Enquirer: 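Below is the structure I would like to discuss, written out as structure tokens.
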Amino acid sequence: MANMHRNEAYDLFPQTYQPENALIGIARIAAAGQTVDTGHDVSFRSLKVRSILNKSISRRRLSFGRSINPYRGCEFACRYCYARYTHEFMELKDPEAFERQIFIKQNAAWLLRQELRDLKPDEEIALGTATDPYQPIERRACITRSLLEVLAQCRNLRLGIVTKSTLIERDIDLLQMIAARNTLVVHLTITTTDAKLARVLEPRAPRPDLRFETVKKLREAGLKAGVLCSPLLPGLTDKPGALDKVATAAKAAGASFLCAQPLFLKSCSRETYLDFVREHFPDLVEMYSKRFGDADFVSKPYARRIALMVHAVCRKHGLPERSSDAILTRNLGASNRDPELRQGTLFASMRPPSLMSVRPRIDDRSQARTA
């Protein structure tokens with residue numbers, strides 16, 4: 001393989017190693033990546049990509065137009081994560097590879113500068129749809145910050161960001177610059193207030209109380225920031241009392257909204273999640289087997305019950321609610337108690353985005369070549 005010894009390739013693809021001419025597409029690009037960092041039981045490799053602003057197609061009909069994921073794979077290791085399948089495209093079949101082998105996209109800021117020129121008027125961008133843009137490696141790699149630096153020079157964009165990380169506080173300065181010229185909505189995913197449950201459910205993510213503090217700091221900085229209590233997990237976090245605790249904490253943090261959606265369990269993540277259930281909540285195994293044995297989605301009656309529960313808790317706490325868990329700037333409920341979130345503000349007509357003195361550096365341009 002290009003730039004790679006046979007033994008290195010076998011270490012990266014221990015179960016699926018094939019001769020170099022058998023790997024194609026993203027698998028071949030991934031295999032050619034170089035080790036750039038290491039962490040506890042995690043390796044980080046470079047990934048040369050042709051594009052950073054991707055068109056989004058979702059079976060769940062999430063209606064964002066473009067998505068950005070600075071990394072492939074995520075260190076947080078959330079047991080329910082639906083994005084594990086993305087590693088399969090790189091011939092990494094072991095579900096744990098998603099959290100153990102992280103790929104860092106190269107030349108991301110340069111690529112974004114070029115691709116923003118083709119963005120359609122009023123088209124939305126979602127940052128962090130498959131992997132967390134603020135996972136721990138971001139402290140050193142700073143890929144997400146480099147992207148925000150580009151976006152801070154733009155006008156009239158619609159940008160939604162989702163993360164579980166308190167690291168987003170580092171970039172409040174850039175987020176304020178973006179919000180001043182664009183529509184920006186930040187989403188903190190907080191699935192439970194129970195720190196003990198969170199530790200086994202989302203092993204390497206910050207504690208829930210720290211995430212609520214981050215929401216508070218973002219709001220104090222004048223940013224639109226709310227809570228995604230998604231997914232709601234049957235038998236664990238889908239009870240009115242559990243959701244009410246999240247809503248209470250969200251309200252105390254000044255959250256702009258609250259959204260909560262049922263668990264969506266793709267086949268690629270089903271066994272990982274069910275292993276978690278078997279280990280920590282064995283009495284729920286039978287119920288999960290019936291609900292998700294041959295289905296990715298919950299039943300319609302269950303979904304309707306959850307929607308009514310979410311509506312009731314939002315109304316109780318005076319929290320605007322989202323109509324979906326899409327990482328959007330739209331579909332954000334208005335509240336008389338929070339004038340900045342009224343429809344007149346969020347649904348204002350957008351002009352085509354324009355870059356302000358954004359010119360690629362010569363060194364960036366020379367490195368932008370991809371396989």
Side-chain angles (χ1 to χ4, degrees), residues 60-65 122 124-129 157-164 168-169 172 175-176 178-180 182-193 208-209 211-232 237-262 264 303-350:
R60 290 183 292 164
R61 299 179 181 178
L62 305 188
S63 55
F64 45 82
D122 212 25
E124 296 186 276
I125 301 173
L127 175 58
T129 58
L157 296 176
R158 288 184 175 274
L159 175 66
I161 301 175
V162 67
T163 181
K164 287 184 173 73
I168 193 173
E169 296 173 21
I172 283 178
L175 296 174
Q176 288 174 319
I178 292 170
N182 308 273
T183 300
L184 172 68
V185 181
V186 180
H187 312 66
L188 263 290
T189 300
I190 311 175
T191 52
T192 177
T193 59
D209 59 311
R211 286 181 249 174
F212 281 113
E213 280 297 313
T214 295
V215 174
K216 183 178 180 181
K217 291 177 182 178
L218 292 170
R219 293 293 289 139
E220 289 174 345
L223 299 165
K224 296 183 182 71
V227 172
L228 291 184
C229 186
S230 297
L232 289 174
T237 63
D238 66 340
K239 306 302 182 184
L243 184 58
D244 188 76
K245 289 180 180 179
V246 173
T248 299
K251 183 65 176 180
S256 301
F257 58 86
L258 174 68
C259 175
Q261 295 285 322
F264 165 65
R304 284 194 293 269
R305 179 167 66 83
I306 290 297
L308 289 173
M309 183 177 69
V310 173
H311 178 73
V313 78
C314 286
R315 185 173 182 180
K316 173 184 175 181
H317 292 278
L319 286 165
E321 61 180 298
R322 298 296 300 269
S323 62
S324 80
D325 64 349
I327 309 159
L328 299 173
T329 61
R330 306 179 196 271
N331 298 325
L332 181 55
S335 169
N336 290 332
R337 299 182 184 182
D338 197 349
E340 68 172 327
L341 294 175
R342 293 172 189 249
Q343 289 186 354
T345 301
L346 287 176
F347 287 35
S349 60
M350 294 288 109

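Below, each value reflects all heavy atoms present in this structure, side chains not excepted, and no hydrogens, waters or symmetry copies. What you see is a predicted model, and the numbers here were worked out from it, not measured in a lab.
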Enquirer: Going from CD on E220 to CD on E213, what distance comes out if it is rounded to the nearest 0.5 angstrom?
Expert: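 Between E220 CD and E213 CD, I get 8.0 Å after rounding to 0.5 Å.
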Enquirer: Do F257 and H187 come within less than 4.5 Å of each other through their side chains, counting heavy atoms only?
Expert: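 The answer is yes; the side chains approach within 4.5 Å.
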Enquirer: Show the nearest heavy-atom pair for residues I172 and A221, with the distance to one decimal.
Expert: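 Closest approach of I172 to A221: CG2-CB, 3.6 Å.
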Enquirer: Checking D244 side chain against P240 main chain: does a donor-acceptor pair fall under 3.5 Å?
Expert: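 Not confirmed, D244 side chain does not pair with P240 backbone.
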Enquirer: Compare every heavy atom of L188 with every heavy atom of R211, then report the nearest pair and how far apart it is.
Expert: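 Smallest heavy-atom distance, with atoms named: O-CG, 4.3 Å.
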Enquirer: Rounded to the nearest 0.5 Å, what separates atom OG1 in T183 from atom CD in E124?
Expert: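 It is 8.5 Å, given to the nearest 0.5 Å.
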Enquirer: Do you know which two heavy atoms are closest between F212 and A253, and how far apart they sit?
Expert: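 So the two residues come closest at O-CB, 3.5 Å.
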Enquirer: Test side-chain contact (heavy atoms from CB on, under 4.5 Å) on T163 and T214; report intermediate values, then the result.
Expert: CA-CA 11 Å; T163 181; T214 295; over 6 Å; no
Enquirer: Could you give the distance from NZ (K217) to CD (E169), rounded to the nearest 0.5 Å?
Expert: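 Going from the NZ atom of K217 to the CD atom of E169 covers 4.0 Å.
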Enquirer: Test side-chain contact (heavy atoms from CB on, under 4.5 Å) on S256 and V185; report intermediate values, then the result.
Expert: CA-CA 9 Å; S256 301; V185 181; over 6 Å; no
Enquirer: What verdict does the side-chain contact (heavy atoms from CB on, under 4.5 Å) test give for V186 and I168, after you've listed the backbone C-alpha separation in whole Å, the side-chain angles of each residue and the deciding distance to 0.1 Å?
Expert: CA-CA 10 Å; V186 180; I168 193 173; 3.6 Å; yes
Enquirer: Are side-chain heavy atoms of T191 and P231 found at a separation under 4.5 Å?
Expert: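 Of all side-chain heavy-atom pairs linking P231 with T191, at least one is under 4.5 Å.
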Enquirer: For T192 and V246, work out which heavy atoms get closest and say how close.
Expert: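 Scanning both residues completely, I find the closest heavy atoms to be CA-CG2, 4.2 Å.
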Enquirer: Where do A303 and P262 come nearest, in terms of heavy atoms and distance?
Expert: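 That closest heavy-atom pairing would be CA-CG, 4.4 Å.
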Enquirer: Of the non-hydrogen atoms in A255 and G226, which two are nearest, and what is the gap between them?
Expert: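 Shortest heavy-atom contact: CB-CA, 4.2 Å.
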Enquirer: Any heavy-atom pair between the side chains of Q176 and L223 that's under 4.5 Å?
Expert: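 Touching, per the 4.5 Å side-chain cut-off.
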Enquirer: In the structure I gave you, are the side-chain heavy atoms of L258 and V313 within less than 4.5 Å of one another anywhere?
Expert: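 Touching, per the 4.5 Å side-chain cut-off.
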Enquirer: Could you go through V227 and L319, starting from their C-alpha distance and side-chain angles, then the distance that decides it, and tell me whether this counts as side-chain contact (heavy atoms from CB on, under 4.5 Å)?
Expert: CA-CA 10 Å; V227 172; L319 286 165; over 6 Å; no
Enquirer: Drop me the distance from I306's CD1 to D238's CG, to the nearest 0.5 angstrom.
Expert: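 With rounding to 0.5 Å, CD1 (I306) is 5.0 Å from CG (D238).
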Enquirer: When rounded to the nearest 0.5 angstrom, what is the spacing between CG in L127 and CD1 in I161?
Expert: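 One gets 5.0 Å once the value is rounded to the nearest 0.5 Å.
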Enquirer: Atom CG of L243 and atom CE of M309: how far apart are they, to the nearest 0.5 Å?
Expert: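 Here the interatomic distance stands at 5.0 Å.
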